[in-house]
Amino acid sequence: DARVEAWLAARFGVSIDFEIDDGLAKLERFGLLVKKGERLCVPPVADALGALDRIWDGYFAFPEPPSQDARRRA
(Lines give C-alpha, C1' and ligand atoms only; values in the text may rest on other atoms or scores of the structure.)
Protein backbone atom coordinates (compact mmCIF):
# COMPACT_ATOMS: atom_id res chain seq x y z
CA ASP A 1 0.00 0.00 0.00
CA ALA A 2 2.99 2.30 0.45
CA ARG A 3 3.64 2.19 -3.31
CA VAL A 4 0.06 3.18 -4.10
CA GLU A 5 0.19 6.02 -1.57
CA ALA A 6 3.51 7.25 -3.01
CA TRP A 7 2.14 7.09 -6.57
CA LEU A 8 -1.00 9.05 -5.61
CA ALA A 9 1.16 11.68 -3.87
CA ALA A 10 3.54 12.00 -6.83
CA ARG A 11 0.85 11.90 -9.52
CA PHE A 12 -1.92 13.96 -7.91
CA GLY A 13 -0.26 15.70 -4.96
CA VAL A 14 -2.61 14.09 -2.44
CA SER A 15 -1.84 12.29 0.79
CA ILE A 16 -4.10 9.28 1.20
CA ASP A 17 -4.00 6.37 3.63
CA PHE A 18 -4.86 3.63 1.13
CA GLU A 19 -6.19 0.46 2.77
CA ILE A 20 -5.61 -2.33 0.27
CA ASP A 21 -7.46 -5.05 2.19
CA ASP A 22 -10.52 -2.81 2.56
CA GLY A 23 -10.43 -1.83 -1.11
CA LEU A 24 -10.12 -5.42 -2.30
CA ALA A 25 -12.93 -6.53 0.02
CA LYS A 26 -15.23 -3.82 -1.39
CA LEU A 27 -14.41 -4.74 -4.98
CA GLU A 28 -15.10 -8.39 -4.20
CA ARG A 29 -18.38 -7.54 -2.44
CA PHE A 30 -19.49 -5.51 -5.47
CA GLY A 31 -18.66 -8.40 -7.81
CA LEU A 32 -15.82 -6.45 -9.42
CA LEU A 33 -13.08 -8.79 -8.22
CA VAL A 34 -12.88 -12.57 -7.99
CA LYS A 35 -10.13 -14.49 -6.23
CA LYS A 36 -9.00 -17.62 -8.09
CA GLY A 37 -6.35 -19.18 -5.91
CA GLU A 38 -3.51 -16.67 -5.78
CA ARG A 39 -4.86 -14.70 -8.77
CA LEU A 40 -7.20 -11.73 -8.71
CA CYS A 41 -9.51 -11.44 -11.71
CA VAL A 42 -11.71 -8.54 -12.78
CA PRO A 43 -14.52 -8.28 -15.33
CA PRO A 44 -14.19 -6.43 -18.65
CA VAL A 45 -14.54 -2.64 -18.33
CA ALA A 46 -18.03 -2.58 -19.91
CA ASP A 47 -19.28 -5.18 -17.42
CA ALA A 48 -17.66 -3.33 -14.50
CA LEU A 49 -19.26 -0.04 -15.57
CA GLY A 50 -22.66 -1.72 -15.79
CA ALA A 51 -22.20 -3.25 -12.33
CA LEU A 52 -21.15 0.10 -10.85
CA ASP A 53 -24.15 1.76 -12.47
CA ARG A 54 -26.46 -0.77 -10.84
CA ILE A 55 -24.69 -0.38 -7.48
CA TRP A 56 -24.94 3.40 -7.69
CA ASP A 57 -28.64 3.13 -8.58
CA GLY A 58 -28.39 4.47 -12.09
CA TYR A 59 -26.30 7.53 -11.18
CA PHE A 60 -24.46 7.18 -14.50
CA ALA A 61 -26.15 6.18 -17.74
CA PHE A 62 -24.13 3.28 -19.16
CA PRO A 63 -25.84 0.87 -21.53
CA GLU A 64 -26.07 -2.72 -20.39
CA PRO A 65 -23.27 -4.79 -21.91
CA PRO A 66 -24.38 -7.50 -24.32
CA SER A 67 -24.91 -10.91 -22.79
CA GLN A 68 -22.22 -13.57 -23.08
CA ASP A 69 -24.34 -15.37 -25.71
CA ALA A 70 -24.64 -12.22 -27.84
CA ARG A 71 -20.87 -11.68 -27.60
CA ARG A 72 -20.17 -15.23 -28.75
CA ARG A 73 -22.46 -14.83 -31.77
CA ALA A 74 -20.79 -11.56 -32.82
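When reading the values below, keep in mind they use all heavy atoms of this one structure, side chains included, and skip hydrogens, waters and symmetry mates.
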Mind checking the CG-CG spacing from Leu32 to Leu24? Nearest 0.5 Å is all I need.
11.5 Å
Any donor and acceptor pair, going by atom type alone, linking the side chain of Arg54 with main-chain N or O of Gly50 inside 3.5 Å?
yes
Which value, rounded to the nearest 0.5 Å, describes the distance between Asp21 atom CG and Lys26 atom NZ?
12.0 Å
Has Arg29 got more than 12 heavy atoms of other residues, nucleotides or ligands less than 6.0 Å from its CZ?
yes
Roughly how far apart are Leu33 CG and Leu40 CG, rounded to 0.5 Å?
5.0 Å
Please answer: with hydrophobic residues joined when any side-chain heavy atoms are less than 4.5 Å apart, are Trp56 and Val42 in the same cluster?
yes
Heavy atoms only: give me the nearest Ile55-Phe30 pair and the separation to one decimal.
CD1-CB, 3.4 Å
Nearest 0.5 angstrom please: Asp1 CG to Asp22 CG, how far?
11.0 Å
If you compare all heavy atoms of Gly31 against all heavy atoms of Pro43, which two are closest, and at what distance to 0.1 Å?
O-CG, 4.4 Å
4.5 Å side-chain heavy-atom contact, Asp17 and Glu5:
yes
